[in-house]
Amino acid sequence: MLQTVTLLKPPAPAPRMRPLGPIGLLRVLATNPLEAWTEAHFEEPIVAGGLPFGRAVVVSDPAAIRRVLLDNPRNYEKDWMQRRILSAGLADGLLSAEGHQWRVQRRALAPLFSRRSVMNFSGAVVAEAEALVERLHRKAGETVDVAAEVTLLTLAVLERTIFSDGVGADREEVRLAMQRYFEVASRIDPFDILGLPAAIPRLRRLNVWSTLRFFEKTIDRLIETRRRRLAASPDDVPQDLLTLLLHATDPQTGARLSEAEVRANVLTFIAAGHETTANCLTWSLYLLSQSREWRERLCAEAERELDRGDPASLADRLVETRAVIDESNRLYPPISAISRVARGDDELSGHAVRRGTMVVIAPYVLHRHRALWTQADAFSPERFLPGARETIERFAYLPFGAGPRVCIGSAFALQEACVTLAMLARDFDFALAPGHVVRPVQKMTLRADGGMRMILTRRD
Ligand code: HEM
């Protein structure tokens, strides 16, 4: 049994007693959708209604979720809102593709993220985590925004694993453009929520149009250079994600990805992989800052494991670190809602779902659902330690989704998060900066409003 007295309850908006009206809801959806959830969402298996337009159901019954994501996925397409938001540059990538195009891509791209492939990237992760630790040593004792620091790390890891031979002479400029690009891409524009046609320009994107074009052109140039090198001397090119992408073939048809698909997937990997993993690390650091016990446990594990054995298997040996990360992904799932639209009529938990209904599966709600979790709002990584984690229902815990569209980068992200968190826990003790108020907000991902200001002190 989990103890009740000592458990930390990290900040979360209090569920509303009653649902908001249409105008209030629209405002909350544009500012912080986490504030829209009601008591009923955290208690009932399925809640109907709740969108200012159209029909919607929020599903938190594991059996019904299994039906949507695994048993009957062809009836549930990604919805227009997600695709509209993702459309810039990513339209032909794995995250937004549907139907035949998605199937061919998923088969072709699966080997890029296999366990073996991910283990081969461990060197890049360790090198970038060491660079972060070094940077933070120089800032020890000062207030730092760890959210910004770990975002630099996740972008650098992707840069190294996709373009392992570098992005060219103007590296800093490319980095800045890349950061700007994804900052803009990850803002939900109110026009998107309202469903206004894509032809109506989004002001925020217009403002930074030249930066966006510069970044896209850089990606095109890097792909083109690699293509030429592969044609001229195939044995001399690095075996990074870009080479794997250019070689990727559908095992069933032998089809290769088109130029547009290669570019869209480079952008997709960066878009889907950097902010999510950075948020996972930020929330893990925050939760650790609140628990001396877990800081000490992780430090001891890191001292035991970091410098021994094969670096490729390191993430598997960091069992307690992984439990903290899993618990962080439970309380603050970086993707806090997954949505689909029913293509045909269906039944979920005895509830008729008509064609066209938006089906929302919200990991944020599911992971705090009172029928599914003990002490649902409390930080308790013990639930993910061996012996306990096997008792967790598969469809009650979905930080990476499930079924055929499950996150392709989950092993990549978990390896990166485990190794980095362990290295930080070994070298530093962390405390929240005085006066910093932690407030979770949902933008494209679930992040900490205004960053996460902390003071890191060196451990001797
Ligand atoms: C902690 C970090 C991450 C979290 C929490 C996360 C979460 C998710 C979730 C929930 C989905 C399913 C969305 C849906 O069903 O609508 C997804 C899909 C996806 N993720 Fe991740 N992700 C993470 C890291 C990554 C990384 C590192 C990459 C790549 C480098 C990546 C690439 C993708 C792609 C391409 C898809 C679409 C897969 C498909 O539709 O076939 N993700 N992710």
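Start at 1 with the first residue, then count along the sequence. All ligand and atom numbering here is 1-based and tracks the order in the structure.
Every atom of ligand 1 with a heavy atom of G409 under 4.0 Å away is listed here by number and element: 26 (C), 27 (C), 28 (C), 31 (C). When each atom of ligand 1 is checked for a heavy atom of G273 under 4.0 Å away, the hits are 25 (C), 26 (C), 27 (C), 28 (C). Per-residue contacts place P334 under 4.0 angstrom from the following atoms of ligand 1 (heavy atoms of the residue considered): 5 (C).
Nearest residue to atom 41 (O) of ligand 1 from R106, E98, R405 is R106 (criterion: closest heavy atom). Closest to atom 7 (C) of ligand 1 by heavy atom, among A417, C280, P399, is P399. One option in W283, Y76, F113, Y332 has a heavy atom closer to atom 29 (C) of ligand 1 than any other, and that option is F113.
At a 3.5 angstrom cut-off on N or O pairs, T276 does not count as close to ligand 1. Inclusion of N329 in the set of residues having an N or O under 3.5 Å from an N or O of ligand 1 is not warranted. Below 3.5 Å of separation, one finds an N or O of W102 facing an N or O of ligand 1.
With respect to R226 and D165, a salt bridge is recorded, a charged nitrogen being found less than 4.0 Å from a carboxylate O. Using a cutoff of 4.0 Å between basic side-chain nitrogens and carboxylate oxygens, D316 and R115 are scored as salt-bridged. Salt-bridge formation is not detected for the pair E224/R229: no Lys NZ or Arg NE/NH1/NH2 atom is positioned less than 4.0 Å from an Asp or Glu carboxylate oxygen. In summary, E327 and R330 engage in a salt bridge, as defined by a charged side-chain N under 4.0 Å from a carboxylate O.
Contacts between R340 and ligand 1, counted as non-hydrogen atom pairs separated by less than 4.0 Å, involve the side chain only. For I338, every heavy-atom contact with ligand 1 shorter than 4.0 Å involves the side chain, none the backbone. Using a 4.0 Å cut-off between heavy atoms, F400 contacts ligand 1 through both its backbone and its side chain.
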- Can you list the steps and then say if L109 with L257 is a side chain to side chain contact (heavy atoms under 4.5 Å, CB included)? CA-CA 10 Å; L109 298 182; L257 267 57; 4.1 Å; yes
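Both the sub-6.0 Å distance and the 45° axial angle are satisfied by R368 relative to the ring of Y332.
Checked against F269 for a ring pair (Phe, Tyr, Trp, His ring centres under 6.0 Å), the options F163, F412, F113, F121 give a single hit: F113.
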